[in-house]
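Below you'll find the structure, written out as structure tokens, and then a few comments.
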Number of protein chains: 2
Amino acid sequence: MDKQGKEAEDIFVQRCRSSGLRLTPQRLAVYESLSGDKSHPSAEKVFRKVRKMIPNISFDTVNRTLLSFVSCGILKAVESYGRVKRFDPGLGEHHHFQCLKCGKIIDFEYPDFASFRVPETIRRKFVVMGRRIVLTGICDSCR
Amino acid sequence: MDKQGKEAEDIFVQRCRSSGLRLTPQRLAVYESLSGDKSHPSAEKVFRKVRKMIPNISFDTVNRTLLSFVSCGILKAVESYGRVKRFDPGLGEHHHFQCLKCGKIIDFEYPDFASFRVPETIRRKFVVMGRRIVLTGICDSCR
DNA sequence: CTCGGTGCAAAATGTTTGCAAGTAC
DNA sequence: GTACTTGCAAACATTTTGCACCGAG
């Protein structure tokens with residue numbers, strides 16, 4: 001593992017500790033498989049990727065790991081129009097375009113969104129944890 | 001039905017015709033049940049509501065009706081973090097706050113969003129049909 | 001050693017499909 | 001009369017749960 005990878009792993013170990021999660025090979029593999037992944041994979045897709053590292057890992061473990069990572073903030077769940085839950089390592093603010101036909105999600109940047117302020121009516125009643133512009137439509141390959 | 005309701009029904013009939021959908025009592029009931037509904041209901045919830053008007057309607061009919069309404073633009077599907085598809089009569093631009101615990105969706109307005117321009121990189125490759133700010137967090141009753 | 005995590009299997013939940021009978025046009 | 005819709009049931013896909021064994025701390 002390179003220096004950057006080592007650093008990332010340290011951060012991960014740190015986060016597990018502070019969330020009270022034990023450090024298991026399965027969790028590390030799920031984490032490594034997702035960090036840097038921009039494809040917003042489903043649990044199934046993560047499972048297939050992780051199985052290359054740990055061939056006898058079960059789907060349930062992957063799925064439970066993903067859900068617990070979401071609960072403690074290591075990953076983010078992605079808004080979706082389909083039937084499958086999808087995940088995002090979610091570093092930094094970015095926005096999504098999602099194809100209504102194939103479900104593909106494309107990230108984009110929109111620096112001007114920095115000036116967005118959560119309306120008083122929302123802020124007064126709710127704890128806001130995520131913010132994002134979501135576009136929908138039809139992607140090039142589905143047209 | 002009052003005058004406004006009559007007008008809404010006319011629009012609905014119009015839309016069905018131009019989409020090649022036949023006008024059935026079931027479809028009209030689904031449409032009426034959703035128009036003006038701000039709760040972003042799931043198919044199951046729409047089913048329960050429609051069944052009060054047509055007691056022997058089946059869940060499948062409601063679900064298929066919702067899906068075909070989405071295809072022809074009479075309704076919109078709502079982005080979601082849960083496992084259930086949800087629907088929105090979707091008149092006019094508005095934005096969503098969704099509770100990550102209970103899934104409740106609250107609409108809000110943000111007039112400044114009118115100045116949002118879809119980035120060139122997206123516009124060049126994709127057909128954009130919907131645009132919205134999506135906030136996530138924890139609602140007052142889940143805290 | 002202890003408690004949380006894993007893997008397997010079963011159950012639950014939600015969505016989609018096939019088809020005969022019914023109905024809008 | 002024809003083609004689209006409906007209702008029922010079965011098939012599918014995906015997520016969640018229960019539990020005995022295992023392994024990190």
Side-chain angles (χ1 to χ4, degrees), chain A residues 9 12-31 33 40-48 50-51 53-72 74-75 77-87 100-103, chain B residues 9 12-31 33 40-48 50-51 53-72 74-75 77-87 100-103:
Chain A
E9 191 183 317
F12 173 65
V13 173
Q14 197 69 34
R15 291 230 213 177
C16 281
R17 281 223 184 90
S18 62
S19 306
L21 294 180
R22 289 190 180 167
L23 192 68
T24 67
Q26 289 88 341
R27 284 181 176 159
L28 189 56
V30 169
Y31 176 78
S33 144
H40 312 88
S42 63
E44 182 63 32
K45 199 174 166 196
V46 176
F47 173 54
R48 284 199 299 269
V50 170
R51 203 160 41 167
M53 300 190 257
I54 304 184
N56 67 330
I57 194 172
S58 74
F59 172 79
D60 312 71
T61 298
V62 173
N63 196 40
R64 267 184 291 213
T65 300
L66 290 168
L67 295 177
S68 59
F69 282 0
V70 170
S71 309
C72 70
I74 294 178
L75 297 176
V78 171
E79 76 288 340
S80 168
Y81 294 83
R83 55 247 78 85
V84 198
K85 266 188 190 155
R86 296 173 62 168
F87 303 89
L100 294 172
K101 273 204 178 149
C102 68
Chain B
E9 190 182 318
F12 173 66
V13 172
Q14 197 69 32
R15 292 230 214 178
C16 279
R17 281 222 185 91
S18 63
S19 308
L21 293 181
R22 289 190 179 166
L23 192 67
T24 65
Q26 290 89 340
R27 284 184 175 155
L28 189 55
V30 168
Y31 176 78
S33 144
H40 311 88
S42 63
E44 181 63 33
K45 199 175 165 193
V46 176
F47 173 53
R48 284 199 300 269
V50 171
R51 204 161 40 168
M53 301 189 257
I54 303 182
N56 67 331
I57 194 173
S58 75
F59 172 78
D60 312 71
T61 297
V62 173
N63 196 39
R64 266 185 293 215
T65 300
L66 290 168
L67 294 177
S68 58
F69 282 0
V70 170
S71 308
C72 70
I74 295 178
L75 296 177
V78 172
E79 76 289 341
S80 167
Y81 293 84
R83 55 243 83 81
V84 198
K85 267 187 188 153
R86 297 174 62 167
F87 302 89
L100 294 174
K101 273 205 179 147
C102 68

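Letters A, B, ... are given to chains in the order of the sequence lines, protein chains preceding strands, and every chain is numbered from 1.
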When you measure from the side chain of [X], which nucleotide among [options] comes out closest?
| X | options | value |
| --- | --- | --- |
| B:F59 | C:dG7, D:dG7, C:dT15 | C:dT15 |
| B:R27 | D:dT6, D:dT16, C:dT6 | D:dT6 |
| A:T61 | D:dT6, D:dT15, C:dG7 | C:dG7 |
| B:I57 | D:dG7, D:dT15, D:dT6 | D:dG7 |

Rounded to whole Å, how long is the line connecting atom [atom1] of [X] with atom [atom2] of [N]?
| X | N | atom1 | atom2 | value |
| --- | --- | --- | --- | --- |
| A:F47 | C:dG7 | CZ | C1' | 11 Å |
| A:N56 | C:dT6 | CG | P | 12 Å |
| A:L28 | C:dG5 | CG | P | 15 Å |
| A:N63 | C:dT13 | CG | P | 16 Å |

>> Set out, in order, the CA-CA distance, both residues' side-chain angles and the distance that settles side-chain contact (heavy atoms from CB on, under 4.5 Å) for B:L21 and B:R27, then state yes or no.
In response: CA-CA 9 Å; B:L21 293 181; B:R27 284 184 175 155; 3.7 Å; yes

>> What residues from residues 17-26 of chain A pass a heavy-atom cutoff of under 4.0 Å to DNA chain C?
In response: A:L21, A:R22, A:T24, A:Q26

> Could a donor-acceptor pair under 3.5 angstrom be found where the side chain of A:D60 meets the base of C:dA9?
Replying inline: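 Side chain to base: pair present.
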
> Has the side chain of A:R64 got a donor or acceptor atom sitting under 3.5 Å from an opposite partner on the base of C:dG4?
Replying inline: no

> How would you list, by chain and number, every residue that makes a ring pair (Phe, Tyr, Trp, His ring centres under 6.0 Å) with A:F47, sequence neighbours excluded?
Replying inline: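 Counting only residues at least two positions away or on another chain, A:F47 forms a ring pair (Phe, Tyr, Trp, His ring centres under 6.0 Å) with A:F59.
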
> Has the side chain of B:R86 got a donor or acceptor atom that lies under 3.5 Å from a matching backbone atom of B:H40?
Replying inline: yes

